[in-house]
Participant: 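Take a look at the following structure, please.
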Amino acid sequence: MRIEKARGFLEDLIEKAGGCAVVDGGFATQLEKHGAAINDSLWSAVCLMKDPDLIKRVHLEYLEAGADILVTSSYQATLPGFMSKGLSIEEAESLLKKSVKLAVDARDKFWDAKRRVSGHSYNRALVAASIGSYGAYLADGSEYSGNYGPNVDLEKLKDFHRRRLQVIVEAGPDLLAFETIPNKLEAQACVELLEEENIEIPAWICFSSVDGDNAPSGESFKDCIDIINGSQRVAAIGINCAPPHFIQGLIEKFKQLTEKIIVVYPNSGEVWDGRAKKWLPSKCFGDDKLNLLATRWRDSGAKLIGGCCRTTPSTILAISKAMN
């Protein structure tokens with residue numbers, strides 16, 4: 001299978017990085033630091049319409065910080081989401097492809113400059129196309145509950161993801177990143193869709209967790225991961241956008257449940273109110289704490305480590321230094 005050769009690129013990157021590669025950090029957080037207004041149902045994907053140059057700038061900042069994998073700005077970019085803003089289907093598909101092209105262009109520009117410099121410590125980064133959960137599209141916080149209601153079944157979830165997946169794959173990313181998956185049903189939809197569409201780009205599937213023990217739906221991770229383990233198209237399984245203090249225990253749990261690569265990129269520990277669309281006051285983990293935790297996560301078996309919401313290039317720089 002060509003998928004085995006493609007998966008080899010990810011394994012080679014991990015080896016070149018010393019056994020643990022660095023994923024980038026919070027995208028919307030960094031866009032806001034540069035003044036972007038993203039309080040929108042499209043979230044960071046609104047910049048694909050309004051300020052694509054800023055997206056490329058943020059990608060370059062994460063590369064400079066030592067990221068080995070760039071995650072695209074397409075987490076909340078969906079065809080119905082764009083069309084709700086008055087765009088045609090063709091325009092919506094073009095923006096999805098742009099999310100990949102911006103990351104690829106940033107990677108190529110950065111690497112072309114660095115590879116001419118002897119003694120640099122960078123790796124040629126891979127581009128992972130972000131595919132947010134159905135709950136992310138709903139923008140109602142349900143990616144943190146897994147409660148999609150009685151009308152959402154397996155076929156509806158596959159239909160929701162299918163065309164977006166096709167368009168993103170056409171754009172040529174190195175990896176696919178299914179993110180904040182909240183329940184077993186959507187994990188199954190992702191796995192079946194990869195098979196039905198004969199996708200030959202390796203994927204990872206990341207769950208969120210609100211209790212540090214189960215998927216947001218309350219289903220056990222064993223039940224969720226059992227569905228994924230049989231797929232040759234999923235190279236890695238992990239956790240994103242959960243608080244850092246959950247990660248160690250979840251890595252240990254996942255190590256018992258799968259032989260796939262484990263990927264973790266937690267948030268800063270702050271709590272997002274998905275309905276009110278604001279960050280709630282809470283203790284967050286600074287870069288100094290996260291880099292110490294990252295070494296423990298690596299030693300426990302994580303092979304891909306980065307950051308999610310409220311982490312920044314300085315966080316990724318600290319993690320990158322800790323990995324070397």
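Because only heavy atoms are used, hydrogens play no part in the values below, and waters and symmetry mates are left out as well, while side chains stay in.
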Participant: Show every salt bridge (charged side-chain N to carboxylate O under 4.0 Å, His left out) that has at least one partner inside residues 315-324, sequence neighbours left out.
Facilitator: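 Not a single pair qualifies under salt bridge (charged side-chain N to carboxylate O under 4.0 Å, His left out).
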Participant: Let me check something: do Val104 and Ile199 share a hydrophobic cluster, defined by ILVMFWY side-chain heavy atoms less than 4.5 Å apart, either directly or through other members?
Facilitator: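 Yes, it is one cluster - the side chains of Val104 and Ile199 are joined through contacts under 4.5 Å.
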Participant: Any chance you could lay out the side-chain hydrogen bond (donor to acceptor under 3.5 Å, both in side chains) test for Thr258 and Asn229, step after step, and finish with the verdict?
Facilitator: CA-CA 7 Å; Thr258 188; Asn229 277 334; 2.7 Å; yes
Participant: Taking Ser142 for the side chain and Ser145 for the main chain, is one N or O donor matched with an acceptor at less than 3.5 Å?
Facilitator: no
Participant: On a heavy-atom basis, which atom in Ser268 and which in Arg310 lie closest, and how many Å separate them?
Facilitator: OG-CB, 3.2 Å
Participant: Sorted by first residue and then second, give each salt bridge (charged side-chain N to carboxylate O under 4.0 Å, His left out) pair with at least one member in residues 14-31; sequence neighbours left out.
Facilitator: none
Participant: Indicate the atoms forming the closest heavy-atom contact of Cys309 with Thr29, along with that distance.
Facilitator: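 Taking Cys309 first and Thr29 second, the nearest heavy atoms are C-OG1, 4.0 Å.
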Participant: Answer yes or no: is there a donor N or O on one side and an acceptor on the other, between the side chain of Asp211 and the main chain of Asp213, under 3.5 Å?
Facilitator: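 Yes: the side chain of Asp211 pairs with the backbone of Asp213.
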Participant: Quick one, Lys303 and Cys20 - any side-chain contact, counting heavy atoms below 4.5 Å?
Facilitator: no
Participant: Heavy atoms, side chains only, cut-off 4.5 Å: are Asn183 and Pro216 in contact?
Facilitator: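 They are not in side-chain contact.
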Participant: When you check the gap from the basic side-chain N to the acidic O, do Lys114 and Glu64 get nearer than 4.0 Å?
Facilitator: yes
Participant: Look up atom CZ in Arg233 and atom CD in Glu192, then write down how far apart they are to the nearest 0.5 Å.
Facilitator: 12.5 Å
Participant: Salt bridge check: are Lys184 and Asp226 linked by an N-O gap of less than 4.0 Å?
Facilitator: no
Participant: Output all residues satisfying side-chain hydrogen bond (donor to acceptor under 3.5 Å, both in side chains) with Ser208, sequence neighbours left out; order by chain, then residue number.
Facilitator: none
Participant: Among residues at least two apart in sequence or on other chains, which ones pass ring-ring contact (aromatic ring centres under 6.0 Å, His included) with Phe178?
Facilitator: none
Participant: I'd like to know whether Glu143 forms a side chain to side chain contact (heavy atoms under 4.5 Å, CB included) with Tyr75, so could you lay out the CA-CA distance, the side-chain angles of the two residues, the decisive distance to 0.1 Å, and finally the verdict.
Facilitator: CA-CA 12 Å; Glu143 68 263 53; Tyr75 174 75; 3.4 Å; yes
Participant: Can you name the residues that form a side-chain hydrogen bond (donor to acceptor under 3.5 Å, both in side chains) with Arg162, not counting sequence neighbours?
Facilitator: Glu196, Glu197
Participant: Got a second to check how far Ile305's CD1 is from Ser320's OG, nearest 0.5 Å?
Facilitator: 11.5 Å
Participant: Determine whether a donor-acceptor pair (N or O, by modelled atom type, separation under 3.5 Å) exists between the side chain of Glu186 and the backbone of Ser133.
Facilitator: no
Participant: Does Val169 share a hydrophobic cluster with Leu102, counting links as ILVMFWY side-chain heavy atoms below 4.5 Å and allowing steps through other members?
Facilitator: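 Per the 4.5 Å side-chain linkage, Val169 and Leu102 are co-clustered.
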Participant: Give the C-alpha distance, both sets of side-chain angles, the deciding distance and a yes or no for side chain to side chain contact (heavy atoms under 4.5 Å, CB included) between Asn291 and Met323.
Facilitator: CA-CA 8 Å; Asn291 70 359; Met323 295 297 103; over 6 Å; no
Participant: Examine distances only and state if a side-chain atom of Asp40 and a backbone atom of Val46 form a donor-acceptor pair shorter than 3.5 Å.
Facilitator: no
Participant: Heavy atoms, side chains only, cut-off 4.5 Å: are Leu157 and Leu154 in contact?
Facilitator: no
Participant: Tell me every residue that passes side-chain hydrogen bond (donor to acceptor under 3.5 Å, both in side chains) with Thr295, counting only those two or more places apart in sequence or in another chain.
Facilitator: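 With sequence neighbours excluded, Thr295 shows a side-chain hydrogen bond (donor to acceptor under 3.5 Å, both in side chains) to no residue whatsoever.
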Participant: Under 3.5 Å, is there a donor-acceptor pair between the side chain of Ser99 and the main chain of Ser74?
Facilitator: no
Participant: Going by atom types only, do Thr180 and Tyr144 share a side-chain donor-acceptor pair under 3.5 Å?
Facilitator: no
Participant: NZ of Lys253 to CD1 of Ile262: how many Å apart, nearest 0.5 Å?
Facilitator: 12.0 Å
Participant: For Leu292, what residues pass the side-chain contact (heavy atoms from CB on, under 4.5 Å) criterion, not counting sequence neighbours?
Facilitator: none
Participant: Do the side chains of Asp112 and Arg107 get close enough for a salt bridge, i.e. N-O under 4.0 angstrom?
Facilitator: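 The answer is no: the pair does not qualify as a salt bridge.
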Participant: Indicate if Ile247 and Leu257 have the same hydrophobic cluster label, given that clusters are the connected sets of ILVMFWY residues with side-chain heavy-atom separations under 4.5 angstrom.
Facilitator: yes
Participant: Test side chain to side chain contact (heavy atoms under 4.5 Å, CB included) on Glu93 and Lys98 and set out the steps.
Facilitator: CA-CA 9 Å; Glu93 291 183 356; Lys98 180 182 281 191; over 6 Å; no
Participant: Cluster partners of Leu13, using ILVMFWY side-chain heavy atoms under 4.5 angstrom, listed by chain and number?
Facilitator: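 Members besides Leu13, by chain and number: Leu10, Ile14, Val23, Ile69, Val71, Leu126, Leu175, Trp204, Ile261, Val263, Tyr265, Leu304.
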Participant: Report the distance from atom NE2 of His161 to atom CG of Leu79, rounding to the nearest 0.5 Å.
Facilitator: 12.0 Å
Participant: List in chain and number order the residues that pass ring-ring contact (aromatic ring centres under 6.0 Å, His included) with Tyr134, two or more places apart in sequence or in another chain; answer none if no residue qualifies.
Facilitator: Tyr148, Phe160
Participant: Evaluate the criterion side chain to side chain contact (heavy atoms under 4.5 Å, CB included) for residue pair Val22 and Ile316; output intermediate values, then yes/no.
Facilitator: CA-CA 8 Å; Val22 178; Ile316 299 311; 3.7 Å; yes
Participant: Do Arg57 and Gln30 come within less than 4.5 Å of each other through their side chains, counting heavy atoms only?
Facilitator: no
Participant: Which residues pass the ring-ring contact (aromatic ring centres under 6.0 Å, His included) test with Phe82, not counting sequence neighbours?
Facilitator: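 With sequence neighbours excluded, Phe82 shows a ring-ring contact (aromatic ring centres under 6.0 Å, His included) to no residue whatsoever.
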Participant: Quick check: does any side chain N or O of Lys260 sit under 3.5 Å from a backbone N or O of Ser231, one acting as donor and the other as acceptor?
Facilitator: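 Yes, the answer is positive, given that a donor and an acceptor are paired below the 3.5 Å cut-off.
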Participant: Are there over 12 heavy-atom neighbours, none belonging to Lys101, within less than 6.0 Å of that residue's NZ?
Facilitator: no
Participant: Calculate, to the nearest 0.5 Å, the distance between atoms CG and CD1 belonging to Asn267 and Ile239 respectively.
Facilitator: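 With rounding to 0.5 Å, CG (Asn267) is 11.0 Å from CD1 (Ile239).
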Participant: Contact between Arg164 and Ile131 at the side-chain level, heavy atoms closer than 4.5 Å - yes or no?
Facilitator: yes
Participant: Check the pair Gln166 / Glu170 against side-chain hydrogen bond (donor to acceptor under 3.5 Å, both in side chains), numbers first and verdict last.
Facilitator: CA-CA 6 Å; Gln166 291 169 343; Glu170 288 171 9; over 6 Å; no
Participant: Taking a hydrophobic cluster as the set of Ile, Leu, Val, Met, Phe, Trp and Tyr residues connected by side-chain heavy atoms closer than 4.5 Å, whether directly or through intermediates, do Leu194 and Phe9 fall within one such cluster?
Facilitator: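 Result: no, two separate clusters.
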Participant: Please list, chain by chain and in numerical order, all residues satisfying ring-ring contact (aromatic ring centres under 6.0 Å, His included) with His59, sequence neighbours excluded.
Facilitator: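 With neighbours one apart ignored, the set is Phe27.
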Participant: Using atom types as modelled and distance alone, determine if a side-chain donor or acceptor of Glu91 lies under 3.5 Å from a backbone N or O of Ser88.
Facilitator: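 Side chain of Glu91 to backbone of Ser88, a donor-acceptor pair under 3.5 Å: yes, one is there.
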Participant: With sequence neighbours left out, write down each residue that passes side-chain hydrogen bond (donor to acceptor under 3.5 Å, both in side chains) with Glu252, or none if nothing qualifies.
Facilitator: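 Counting only residues at least two positions away or on another chain, Glu252 forms a side-chain hydrogen bond (donor to acceptor under 3.5 Å, both in side chains) with Gln248.
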Participant: Nearest 0.5 Å please: distance from the CD atom of Glu61 over to the CG atom of Leu317.
Facilitator: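 So the CD of Glu61 and the CG of Leu317 are separated by 12.5 Å.
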Participant: Regarding Glu90 and Lys97, does a basic nitrogen lie under 4.0 Å from an acidic carboxylate oxygen?
Facilitator: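 The answer is no: the pair does not qualify as a salt bridge.
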Participant: For Asn240 and Glu179, indicate whether the former's side chain and the latter's backbone hold a donor-acceptor pair under 3.5 Å.
Facilitator: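 No, the answer is negative, given that no donor and acceptor are paired below the 3.5 Å cut-off.
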Participant: Hey, are the side chains of Phe246 and Pro266 touching, using non-hydrogen atoms and a 4.5 Å cut-off?
Facilitator: no
Participant: When you measure from the side chain of Asp174 to the backbone N and O of Val127, does any donor-acceptor pair fall under 3.5 Å?
Facilitator: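 Looks like yes, one N/O pair under 3.5 Å.
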